[in-house]
Amino acid sequence: MTAGGHMDLFDYMSEQNKEKNAPLASRLRPETVDEVVGHTHILGKDKLLYRAIKADQLGSIIFFGPPGTGKTTIAQVIAKTTAADFKELNATTSGKKDMEEVVSAAKENRAFGKKTILFIDEIHRFNKAQQDYLLPFVEDGTVTLIGATTENPYFEVNRALISRSRIFELKPLSAADIKTLVYRAVSDPEKGMGMYKAVIDDDAAAFISDVAGGDARAALNAVELGVLTTDPSADGKIHLTLDVMQECIQKKALGYDKNGDNHYDVISAFIKSMRGSDPDAASYYLARMLAAGEDIKFIARRIMICASEDVGNADPMAIVVATNASLAVERIGMPEAGIILTQACTYVACAPKSNAAVIARDKASACVERTGTLDVPVYLRDVHYDGQEDGKGGFDSNGTGYKYAHNFPLHYVNQQYLPDAIANEKFYELSDQGYEKNLKAWGRKIREAQSQPPPGDPDGHCTKFRDLHGK
């Protein structure tokens with residue numbers, strides 16, 4: 001770049017070569033919002049973000065989601081479609097000085113009636129002081145902020161910045177979305193690998209789209225590696241077969257067919273084996289998934305779900321074991337993670353079973369759907385208490401009679417907690433399985449004790465409670 005800011009011949013050639021030699025995932029990025037694959041929940045033609053980009057009327061926004069879901073891609077689409085001056089920083093390599101330079105340029109732009117958009121990748125890596133520096137310039141419109149983060153912004157980004165931005169969550173792309181990108185990558189002669197005369201078998205495309213786990217970049221990197229390392233066949237074409245794609249992504253396709261049905265059959269059998277209390281079958285299907293290169297975090301999530309859905313409070317330790325196994329496998333990795341997952345799945349398989357929580361969830365959800373928003377009983381509402389710390393005195397300030405459970409025998413008092421319209425509804429029915437049998441017996445004990453008031457206490461209140469409140 002010359003001193004006057006103009007690009008000379010060497011800069012131009014450098015930019016051209018940089019673009020030509022960029023990874024496939026970078027070259028294939030869309031130019032317009034209509035070329036973006038997936039994310040219809042925020043980029044559908046009737047959605048706010050789509051309309052804002054099209055109209056070039058974008059306010060400050062923050063994208064968050066897993067790697068490879070398109071956060072930077074959408075930011076670059078905005079860069080190509082906006083009339084604003086688009087600046088880009090990466091929080092891992094940029095500091096306050098870089099931000100000061102952007103803000104200075106933005107002030108100059110503003111003097112000439114031009115907007116400035118600042119894209120900050122990995123924004124959660126900026127410390128509080130760095131994020132605070134941006135606040136006044138975002139607030140007064142000097143810059144329009146676009147942040148991208150793999151972390152939940154509500155925990156990792158300055159709350160003041162959050163309040164001045166609209167949050168958009170990017171979810172992992174579906175296998176169908178990734179397959180669309182894979183075929184585009186193989187056939188596109190300009191941005192993709194079309195000039196190599198490559199073709200990809202349908203089962204190979206289905207496999208790579210599925211095992212990418214929603215990460216488009218991982219799938220496209222595997223496609224590029226396959227094309228560049230595979231010799232042309234006798235017909236002059238590079239054939240990306242299932243074997244080639246397995247090697248490129250370092251995962252095996254045990255039993256994958258063209259529709260991926262066998263893959264999902266193994267996962268289904270794994271879950272049903274745990275539910276069916278067969279630790280041998282659960283161990284076998286786990287081994288098959290691990291041999292196929294299945295994501296250990298995905299397997300751990302399935303075990304956690306089963307621990308709650310199919311074991312529940314029949315053995316409350318099941319969810320504890322499953323959750324800690326999930327944390328452990330992320331820290332340890334393979335191959336030792338296989339031992340941890342086997343311990344967790346066999347524990348869940350051997351545990352007593354109850355789906356009472358699932359039934360309670362379904363019944364309660366149906367009730368909410370049917371009845372809408374019902375009034376909370378007055379004595380359960382959040383109120384300020386007069387001279388009674390945290391409401392523990394037993395009556396709220398309106399005298400409506402909230403009964404503080406710890407003031408009663410066995411720390412239980414018969415009191416209506418549901419809204420009046422559904423006061424007699426039953427959602428959670430404890431089974432006689434495992435620990436739920438103990439919980440059921442305890443519930444019966446405290447209710448029977450409450451139904452038999454002490455002598456001289458016809459209201460069912462303990463003497464201690466009456467003495468405390470003069471009742």
Side-chain angles (χ1 to χ4, degrees), residues 1-2 4-7 11-12 15 18-19 22 26-36 39 42-65 69-126 130-149 153 157-158 160-170:
M1 196 76 72
T2 63
H6 300 292
M7 182 178 289
D11 291 323
Y12 175 78
E15 286 297 318
K18 181 180 177 182
E19 185 172 335
S26 179
R27 299 199 310 273
L28 209 65
R29 279 181 173 145
E31 301 284 330
T32 69
V33 66
D34 292 305
E35 294 177 12
V36 176
H39 305 307
I42 60 172
L43 284 175
K45 293 189 177 181
D46 60 335
K47 302 299 182 182
L48 173 65
L49 183 57
Y50 177 91
R51 300 196 310 272
I53 294 173
K54 282 286 191 178
D56 197 9
Q57 294 295 322
L58 203 65
S60 290
I61 58 177
I62 294 176
F63 295 123
F64 85 99
T69 51
K71 299 181 293 295
T72 303
T73 293
I74 297 175
Q76 293 190 350
V77 164
I78 294 169
K80 295 178 187 298
T81 57
T82 183
D85 186 15
F86 191 89
K87 303 289 187 181
E88 186 173 350
L89 297 177
N90 188 305
T92 59
T93 57
S94 302
K96 186 177 178 182
K97 182 180 178 182
D98 300 292
M99 288 190 286
E100 288 173 343
E101 290 176 357
V102 170
V103 169
S104 178
K107 289 178 178 178
E108 291 183 19
N109 287 334
R110 194 174 188 183
F112 291 98
K114 188 173 186 177
K115 293 189 294 185
T116 302
I117 293 177
L118 172 59
F119 172 60
I120 303 178
D121 201 8
E122 302 291 337
I123 190 172
H124 63 277
R125 293 187 181 273
F126 272 153
Q130 289 169 314
Q131 292 184 32
D132 284 344
Y133 172 77
L134 285 175
L135 265 177
F137 306 112
V138 171
E139 188 161 20
D140 68 9
T142 300
V143 296
T144 297
L145 174 68
I146 300 178
T149 174
V157 178
N158 187 311
L161 275 180
I162 290 288
S163 69
R164 290 159 177 79
S165 308
R166 189 175 294 273
I167 310 298
F168 291 101
E169 180 180 4
L170 273 66

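Taking CD1 of Ile61 as the reference point, atom CD1 of Ile146 lies at 4.5 Å (rounded to 0.5 Å). Taken from CD in Gln76 to OG in Ser26, the straight-line distance is 6.5 Å, to the nearest 0.5 Å. The distance from atom CG of Leu170 to atom CG of Leu43, rounded to the nearest 0.5 Å, is 7.5 Å. Distance check: Asp85 CG to Asn109 CG gives 4.5 Å after rounding to the nearest 0.5 Å. To the nearest 0.5 Å, atoms CD (Glu88) and CD1 (Ile117) are separated by 12.0 Å. Between the NZ atom of Lys87 and the OG1 atom of Thr116 there is a distance of 7.0 Å, given to the nearest 0.5 Å.
For the pair Arg125 and Asn90, the minimum side-chain heavy-atom distance is 4.5 Å or more. Using a 4.5 Å heavy-atom threshold, the side chains of Thr73 and Arg29 count as touching. Two residues are said to be in side-chain contact when any heavy atoms from C-beta on lie closer than 4.5 Å; Thr81 and Val33 fail this criterion. Side-chain contact between Val36 and Val77 is present, with heavy atoms from C-beta onward closer than 4.5 Å.
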**Item:** From CA spacing to verdict: side chain to side chain contact (heavy atoms under 4.5 Å, CB included), Leu58, Thr82
**Value:** CA-CA 9 Å; Leu58 203 65; Thr82 183; over 6 Å; no

(Q) As a quick check of understanding, evaluate salt bridge (charged side-chain N to carboxylate O under 4.0 Å, His left out) for Lys54 and Asp34, giving each step before the final call. (A) CA-CA 10 Å; Lys54 282 286 191 178; Asp34 292 305; 2.9 Å; yes

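Heavy-atom minimum distance, Lys71 versus Gly65: NZ-O, 3.0 Å. The shortest non-hydrogen separation linking Ala84 to Asp56 is N-OD2, 4.3 Å. Smallest separation of non-hydrogen atoms from Arg166 and Leu48: NE-CD2, 3.3 Å.
Between Phe119 and Phe86, the two ring planes are parallel [angle under 30°; tilted spans 30° to 60°].
For the residue pair Thr142 and Asp140, a side-chain donor N or O sits within less than 3.5 Å of a side-chain acceptor on the partner.
Here the side chain of His39 pairs a donor or acceptor atom with the backbone of Thr69 at under 3.5 angstrom. Panel note: side chain Gln130, backbone Phe126; no donor-acceptor pair is recorded below 3.5 Å. Judged by distance alone, with hydrogens and angles left aside, the side-chain atoms of Ser104 form no donor-acceptor pair with the main-chain N or O of Glu100 at under 3.5 Å. Remark: side-chain polar atoms of Ser60 are paired, donor with acceptor, to backbone N or O of Leu145 under 3.5 angstrom.
Taking the side-chain contact (heavy atoms from CB on, under 4.5 Å) definition, one finds that Ala160 meets it with Leu135, Asn158, Arg164, sequence neighbours left out. Under the rule for a side-chain contact (heavy atoms from CB on, under 4.5 Å), the partners of Val157 that lie at least two apart in sequence or sit in another chain are Ile62, Ile123, Gln131, Pro153, Leu161, Ile162.
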